[in-house]
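The first residue in the sequence is number 1, and the count goes up from there.
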Amino acid sequence: MNGYLTTLIRGLATTASIALLAVTAAVGVAAAPPAWADGGENLSVGTLLAARTHPAVQLTSLTFSAEVVVPTADVRQGALQELASQIQVLVAAGKIPSDEPSMYKYMFKRMAANVDKYLIPTKPNRTVKARVGGMCTGWWVTPDGYMVTGAHCVDMSDDELSQTFAQQALQKFNEEDAQEVIKGLENVVADEALIEAAQMVYINFNSAHMKLQKLQKSLAVLQSLPGGGVDKTAKEVPAELVSVGESYPGKDFALLKVNNQQNLPTVPLGDDSDVQTGDTLYISGFPGLVTNTPFFSIESKLDPAMTEGPYNARRTTTEGVPYIQTQAPSYHGNSGGPVFSRDGKVVGMLIAGTVSEGGEASENESFVLPVSIIKEKLNEKNVKPSASLTTTKYNEALDAFFAKHYKDALPLFREVQALHPNHSYVAKYITDSQQAISAGRDETPQPVWLWIVIGLGVLIAVGGGLALLMVLLRRRRRAAATPPAYSQAYGGVHATAIGGQDERQDWRQAAAPRYALPQGESSSAPSPGAYSRGGPAQGQYPPQPQYGGPGYSGHDDRRHNGHPRHDQYEQSVQAPDGATRYVRPAPPAYQQGGERDVAELEREVAELRRRLGQRQPPDA
């Protein structure tokens with residue numbers, strides 16, 4: 001019995017341990033980072049970074065407006081006559097063709113190379129209102145509207161500004177002036193090469209003599225309006241220039257502030273040491289080949305692009321400014337965009353890229369201002385980067401979404417939408433989550449609190465079982481310490497431990513001595529150990545005895561010829577037991593240090609059980 005209880009206790013203890021492990025595992029799963037954080041479930045690092053960081057990456061706009069004043073060009077007759085004479089000499093020498101279109105092309109090229117020698121500004125002035133500018137990339141570092149971008153994204157030098165206005169505002173004047181000159185050429189059919197040569201003369205002249213009046217500058221962030229992510233529309237939100245550094249190759253950094261903002265999505269800053277040569281870098285931004293193209297919708301233009309490439313080397317400019325060289329592709333418009341490590345932290349900002357001789361960006365090399373310079377500039381203005389509640393909830397929702405726990409993700413996305421109604425992507429995720437739930441693709445597990453309750457219930461049940469077993473063990477020990485009594489009726493035999501052994505096992509195995517019946521019994525009484533099939537003679541049964549435990553009273557058949565009857569052990573024999581009339585010997589009272597061996601008592605008990613088992617009830 002002790003071994004049986006021990007086995008039960010061990011089983012319950014094992015169950016308790018399993019329950020504890022289940023509860024701990026359930027809590028651990030809730031606290032652990034999602035599996036997709038390492039790029040699992042067929043999700044690339046770039047995909048996950050884009051989902052987390054795109055809301056904080058914004059398209060910025062720099063705009064200059066002015067009245068452009070351009071004088072009329074008049075010819076310097078003497079200089080032009082001298083040029084004509086030179087052309088005749090070259091024709092005679094065979095150095096240029098003798099046809100008139102070829103001679104005029106040569107003349108226009110010479111004039112474009114030195115316009116002020118051949119043309120002079122005069123009245124009337126011509127005026128046109130123009131707006132010029134460009135778009136770059138910026139990113140939120142605080143929930144209340146501080147944004148980081150590049151210095152060259154928020155300002156232009158005088159030369160750059162003049163060139164930009166000349167390119168965008170003077171095209172109409174350049175074309176008109178060239179057409180006027182060509183009309184004065186008699187008997188000449190102008191081809192494209194001749195028209196381009198004439199236009200180059202006035203492009204250079206008008207650009208050199210252009211003046212800007214009522215110049216105004218504005219900075220803005222293009223924010224999506226409510227409903228973003230499904231039907232994106234945008235508005236320009238004015239931004240204030242807080243700090244600006246020197247353009248590349250200097251510390252190309254600028255800090256903007258957009259007022260009346262709250263709960264904006266942000267991105268975290270890392271450290272320079274987070275990446276090194278050979279690591280993959282991820283650039284987020286708005287390439288000009290999309291934003292400057294009329295063929296794409298506003299929704300397309302407001303979605304950042306993410307590119308990736310290796311960290312090639314760390315460089316230092318002649319001004320002592322560190323830069324990271326990377327092969328992650330970048331384009332005009334990507335300037336000012338954040339550069340991420342695979343952990344999703346900003347390690348730098350894209351500033352420049354190599355440009356081909358034709359003026360087009362090259363994908364081979366890009367240069368990134370390290371995050372240490374960004375932190376330095378932010379500290380100068382006492383700006384502390386921080387994560388918004390919007391970002392925290394949004395990242396939690398993304399964790400659930402990519403784990404296919406759509407029922408968990410949906411309320412989190414709705415909370416994000418309430419925190420920041422202009423969020424560019426949350427509406428789409430809400431729609432996608434609803435559709436996934438409707439399609440039966442949700443794999444949300446049972447809530448952790450339910451597993452905890454189940455685990456606690458198991459622990460309570462196990463604890464109650466252990467307590468009960470302890471009580472039983474204590475009773476068992478007390479019973480083993482109490483001297484055994486042998487007055488129990490055999491009609492309902494209960495196993496009693498003698499010497500710590502189980503009687504049920506003993507009576508199956510031990511061979512007990514057979515009892516000899518006393519002589520002189522009536523012939524009508526059945527033989528001990530066997531039933532009479534007809535029962536008592538003529539169906540008559542002797543009086544049925546009443547059983548009352550130790551206070552038994554009934555027919556006294558314990559004497560024979562006036563003397564007590566005894567068995568082979570000299571023990572008095574009890575009266576026949578009811579209709580079966582088998583003899584039930586009365587065990588002697590237990591004696592301390594007894595006269596009879598315990599093993600002998602066990603054999604007697606086993607023999608009585610065997611004989612009782614062989615008896616059959618009388619026929620009805």
Side-chain angles (χ1 to χ4, degrees), residues 58-71 121 125-139 145-177 202-223 234-259 285-294 298 301-302 331-337 349-353 355 359-361:
Q58 301 288 299
L59 185 62
T60 65
S61 173
L62 170 64
T63 304
F64 291 93
S65 61
E67 290 182 353
V68 181
V69 180
V70 182
N125 289 332
R126 296 167 293 176
T127 303
V128 62
K129 292 182 178 181
R131 286 168 53 92
V132 300
M135 293 183 177
C136 279
T137 303
W139 35 286
Y146 280 101
M147 171 175 281
V148 171
T149 188
H152 69 278
C153 293
V154 300
D155 205 356
M156 291 184 183
S157 66
D158 292 341
D159 289 342
E160 291 175 331
L161 192 59
S162 296
Q163 291 176 8
T164 305
F165 268 106
Q167 293 172 358
Q168 299 186 23
L170 299 181
Q171 182 177 359
K172 178 181 178 181
F173 293 147
N174 298 335
E175 292 176 354
E176 289 176 352
D177 291 344
Y202 290 99
I203 287 173
N204 293 345
F205 176 82
N206 291 336
S207 298
H209 297 278
M210 175 191 68
K211 293 182 179 180
L212 300 177
Q213 297 177 350
K214 300 179 181 178
L215 179 65
Q216 293 182 342
K217 170 186 171 182
S218 64
L219 290 167
V221 176
L222 274 67
Q223 287 187 317
K235 65 175 180 178
E236 291 188 356
V237 181
E240 173 189 350
L241 181 60
V242 177
S243 174
V244 61
E246 298 178 358
S247 296
Y248 179 82
K251 295 180 180 179
D252 203 324
F253 168 91
L255 180 64
L256 304 179
K257 178 64 168 68
V258 178
N259 296 320
F286 298 89
L289 57 87
V290 173
T291 56
N292 295 331
T293 301
I298 186 64
K301 293 181 179 182
L302 291 177
Y331 309 90
H332 291 295
N334 279 125
S335 293
M349 175 171 56
L350 179 71
I351 297 300
V355 180
E360 296 184 0

Can you list the steps and then say if V128 with K172 is a side chain to side chain contact (heavy atoms under 4.5 Å, CB included)? CA-CA 10 Å; V128 62; K172 178 181 178 181; over 6 Å; no
By salt bridge (charged side-chain N to carboxylate O under 4.0 Å, His left out), E240 pairs with (sequence neighbours left out) none
Contacts of R126 meeting salt bridge (charged side-chain N to carboxylate O under 4.0 Å, His left out) (sequence neighbours excluded), chain-then-number -> D177
For Q213, is the CD atom crowded, meaning more than 12 foreign heavy atoms sit under 6.0 Å from it? yes
Answer yes or no: does atom CG of N259 have more than 12 heavy-atom neighbours from other residues, nucleotides or ligands under 6.0 Å? yes
With rounding to the nearest 0.5 angstrom, report the [atom1] to [atom2] distance, [X] to [Y].
X    : Y    : atom1 : atom2 : value
Y331 : N292 : OH    : CG    : 14.5 Å
M147 : T60  : CE    : OG1   : 7.0 Å
L59  : C136 : CG    : SG    : 9.0 Å
L219 : L241 : CG    : CG    : 6.0 Å
C153 : I351 : SG    : CD1   : 7.0 Å
S162 : Q167 : OG    : CD    : 11.0 Å

Heavy-atom distance under 4.5 Å between the side chains of [X] and [Y], does that happen here?
X    : Y    : value
S207 : L170 : yes
F165 : M210 : yes
K217 : D155 : yes
H152 : Y248 : no
V242 : L256 : no

Considering residues at least two apart in sequence or located in another chain, which fulfil the side chain to side chain donor-acceptor pair (under 3.5 Å) criterion with [X]?
X    : value
K251 : E376
Q171 : E175
S243 : none
N334 : none

Within the distance-only criterion (no hydrogens, no angle test), does the side chain of T149 pair as donor or acceptor with the backbone N or O of T137 below 3.5 angstrom? yes
Minimum heavy-atom separation for [X] to [Y], with atom names?
X    : Y    : result
N206 : P71  : OD1-O, 4.2 Å
P287 : G285 : CD-O, 3.4 Å
G150 : D252 : C-OD1, 3.4 Å
W139 : M349 : NE1-SD, 4.1 Å
Q168 : R131 : OE1-O, 3.9 Å
S61  : E236 : OG-OE2, 4.0 Å

Hey, mind stepping through F64 and M156 against side chain to side chain contact (heavy atoms under 4.5 Å, CB included) and telling me if it holds? CA-CA 10 Å; F64 291 93; M156 291 184 183; 4.1 Å; yes
Might you work through the side chain to side chain contact (heavy atoms under 4.5 Å, CB included) test for T293 and K301, ending with a clear yes or no? CA-CA 9 Å; T293 301; K301 293 181 179 182; 5.6 Å; no
Would T127 and V68 count as a side chain to side chain contact (heavy atoms under 4.5 Å, CB included) here? Give the steps. CA-CA 5 Å; T127 303; V68 181; over 6 Å; no
Look at the rings of Y202 and F205 and say which category their plane angle falls in: under 30° parallel, 30 to 60° tilted, over 60° perpendicular. perpendicular
